**Q** 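This is the structure, below, for whatever I ask next.
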Amino acid sequence: MAASASWTLTWKSVQISCLILFIVTIQVRSETLEDDLLFAPGGQLNMKMGQAKPQRFLLYDVNPGEGFNLRRDVYMRIANLVKKLQERDNWVLVLPPWGRLYHWKSRNMQQVRIPWSTFFDVESLNRHVPVVEFEDYMKITGEGAIDEHVYLQSYKEGWTNGKWEERMHERECNDPPTYQKNGEGKYRGWYWGYSEAYARNFRCLSIQGSAGDLAPFLTKNITARSVMIDRAETVLHDTFGRSDYWEARRSLRFAKPLRDIGDEFRRTYLDSSDSKDKTPILDDWREMKPTAGSAKGGPYIAVHLRRQDFARNNRKEVASLPKAATHIKKKLKELKLKKVFVATDAPASEIDQLKVHLKGYEVYNYIPPRTVHDRFMDGGVAIIDQWICAHARYFIGTGQSTFTFRIFEERQLLGFDTKMTYNRFCGDGEPTDCDPPSVWAVVY
Ligand SMILES: Nc1nc2c(ncn2[C@@H]2O[C@H](COP(=O)(O)OP(=O)(O)O)[C@@H](O)[C@H]2O)c(=O)[nH]1
Ligand SMILES: *[C@@H]1O[C@H](CO)[C@@H](O)[C@H](O)[C@H]1NC(C)=O
Ligand SMILES: [Mg+2]
């Protein structure tokens, strides 16, 4: 039992009772894991005594074409996979650095290798499942090596008998992989812009199912210490809309500096503060369970007008600016409000047009000072927009936009009445009484 001997050494400072506990676990584990390397748990891993099993690392990535807000949803699926894996082993989720997103078009800044802490509160994530940034993972393992790169794909032949059923098989890759083995036997390719990173092994896995279905595969079929699940958007939520879904979502809090900037904007321009608006934030999300309808929100309407590719592709959910303005005015009158906050990816010219249509009302949009933009980049500015939208008395979003969906959720977590949240513009290609968005109640 070489493994337990060195564990004993590394952990000699740990209390005897705990020691016995995990020597037993190591003995059980070493039947399946031959050569677990050892390393001291990183300070931020929040290792608890009881879970002192060898760490295993789950990395993941998403189809490069996907946007920021779908990626946030994929995070939740993988976080809950790690939660499930943790029932058996000591898994840590490695956060895939942000970068190279299609919508992040601002020049003069390198929007790559961005740690999660720029956008999210990593301590909050850690209260749901243990997470580390990729750079810390590289420090812990000493190199950017990933033992197994598992590339998820569909079944080449499609559904069997035209019927969708859960299944999973290791298969030939449907498409020639962009990850290629070099002369040293290392698979090289896009690892978030870290040229030193590589995989030792690469395989394709055809799958129809949810993220949790990968658990047996990761515990029984694969014994490697670090596994990367690529194209993780392929797998679905295990329990959409249930309590563990919401726990993952609640843990996905925006970084404090971004919330602070949004709050300052609310105070300065929108006469909005948490105490007046009844939207208090507790430090620990696990203690936050506001009753639906308790939040009042600031004296403004917020809208999310998704333009750019949505408008260019003539998606039927996109409303013309005059149509959107008509909807906004109607609501402002109904709610006896004067101010509207507009979050949008539209160019300045379209915002100006909208302002003309909204003459007589106060129209605000967030334009970041240079320092904020440089530090938080396009992703951070988008979060500030979302945060301000989340605190409005009433919200109107864009149909089918994940940017809008994340605002819906944020407002649910603050305790708004669903009627003040789940609203959207009807697109020009839709009737004026188009279907409202589906409502998802928070389950605590
Ligand atoms: N700042 C800001 N950016 C936006 C807004 N709407 C869209 N974007 C940008 O465009 C991207 C849209 O992609 P995504 O997050 O996938 O949302 P979706 O495409 O609307 O489902 C966002 O991530 C932002 O980078 C907005 O209201 N404000
Ligand atoms: C995992 O291992 C089991 C048992 O050896 C095997 O039946 C199954 O096909 C494997 N799954 C995959 C996806 O390789
Ligand atoms: Mg998108």
Side-chain angles (χ1 to χ4, degrees), residues 67 69-70 73 237 240-241 245 249 270 291-346 350-365 385-386 388-443:
N69 287 289
L70 178 96
D73 190 70
H237 282 285
F240 192 85
Y245 169 90
R249 181 60 184 83
L270 300 168
T291 21
S294 60
K296 185 164 169 254
Y300 61 100
I301 286 181
V303 303
H304 174 229
L305 268 182
R306 182 72 165 82
R307 305 289 298 171
Q308 296 281 359
D309 42 319
F310 268 45
R312 276 197 303 276
N313 300 337
N314 291 314
R315 292 177 64 137
K316 69 170 177 17
E317 301 85 13
V318 174
S320 65
L321 297 176
K323 192 169 177 186
T326 305
H327 188 158
I328 295 169
K329 279 190 280 195
K330 180 166 165 262
K331 273 298 154 189
L332 284 166
K333 280 189 198 120
E334 240 176 77
L335 296 165
K336 300 192 172 58
L337 295 171
K338 279 266 165 262
K339 294 173 193 252
V340 54
F341 176 80
V342 180
T344 184
D345 54 347
E350 288 186 358
I351 300 175
D352 290 343
Q353 279 178 49
L354 186 74
K355 284 181 178 165
V356 173
H357 292 297
L358 289 168
K359 224 168 143 210
Y361 294 97
E362 292 175 44
V363 184
Y364 296 87
N365 62 307
D385 267 347
Q386 288 183 313
I388 300 169
C389 286
H391 287 82
R393 182 85 30 95
Y394 187 87
F395 176 67
I396 311 170
T398 298
Q400 298 305 320
S401 162
T402 54
F403 189 104
T404 282
F405 295 162
R406 300 292 89 81
I407 296 170
F408 288 160
E409 295 157 4
E410 204 70 42
R411 291 175 62 85
Q412 288 291 77
L413 299 183
L414 289 170
F416 281 95
D417 184 325
T418 54
K419 284 195 292 297
M420 307 306 269
T421 291
Y422 284 95
N423 310 293
R424 69 173 182 103
F425 293 107
C426 295
D428 282 7
E430 296 180 304
T432 38
D433 59 343
C434 64
D435 288 337
S438 331
V439 173
W440 295 98
V442 188
V443 180

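Throughout, residue positions are numbered sequentially from 1 according to the sequence presented. Quick caveat: nothing in here was measured; it's all calculated off a predicted structure.
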**Q** Who passes side chain to side chain contact (heavy atoms under 4.5 Å, CB included) against P322, sequence neighbours left out?
**A** S320, H357
**Q** Got a sec, which residues hit side chain to side chain contact (heavy atoms under 4.5 Å, CB included) with K329, two or more places apart in sequence or on another chain?
**A** L358, Y361
**Q** Scan residues 298-309 for pairs that pass salt bridge (Lys or Arg N to Asp or Glu O under 4.0 Å), counting only residues two or more places apart or in two chains.
**A** R306-D309, R306-D345, R307-E350
**Q** Side chains of F408 and F395: closer than 4.5 Å at any heavy-atom pair?
**A** yes
**Q** With sequence neighbours excluded, tell me which residues meet side-chain hydrogen bond (donor to acceptor under 3.5 Å, both in side chains) with T421.
**A** R411
**Q** Taking salt bridge (Lys or Arg N to Asp or Glu O under 4.0 Å) as the test, write out the residues that go with K339, two or more places apart.
**A** E362
**Q** Run the ring-centre check on Y422 versus W440 and record whether the distance is less than 6.0 Å.
**A** no
**Q** Can you tell me how far apart CG (L321) and CD1 (I328) are? Round to the nearest 0.5 Å.
**A** 9.0 Å
**Q** Distance from E317 atom CD to F425 atom CZ, nearest 0.5 Å?
**A** 13.5 Å
**Q** Go through the structure and list residues passing side chain to side chain contact (heavy atoms under 4.5 Å, CB included) with V443, not counting sequence neighbours.
**A** S243, W246
**Q** List the residues meeting salt bridge (Lys or Arg N to Asp or Glu O under 4.0 Å) with E409, not counting sequence neighbours, and say none if there are none.
**A** R249, R406
**Q** Taking only residues two or more places apart in sequence or in another chain, which ones pass side chain to side chain contact (heavy atoms under 4.5 Å, CB included) with D417?
**A** K419, M420
**Q** D73: which residues meet the side-chain hydrogen bond (donor to acceptor under 3.5 Å, both in side chains) condition with it, sequence neighbours left out?
**A** R77, H237
**Q** Sort and list the pairs that fulfil side-chain hydrogen bond (donor to acceptor under 3.5 Å, both in side chains) and have at least one residue in residues 429-438, not counting sequence neighbours.
**A** R424-E430
**Q** Under the ring-ring contact (aromatic ring centres under 6.0 Å, His included) rule, what pairs show up with a residue in residues 298-324, not counting sequence neighbours?
**A** H304-F403
**Q** Quick one: which residue pairs count as a salt bridge (Lys or Arg N to Asp or Glu O under 4.0 Å) with a foot in residues 388-399, not counting sequence neighbours?
**A** none
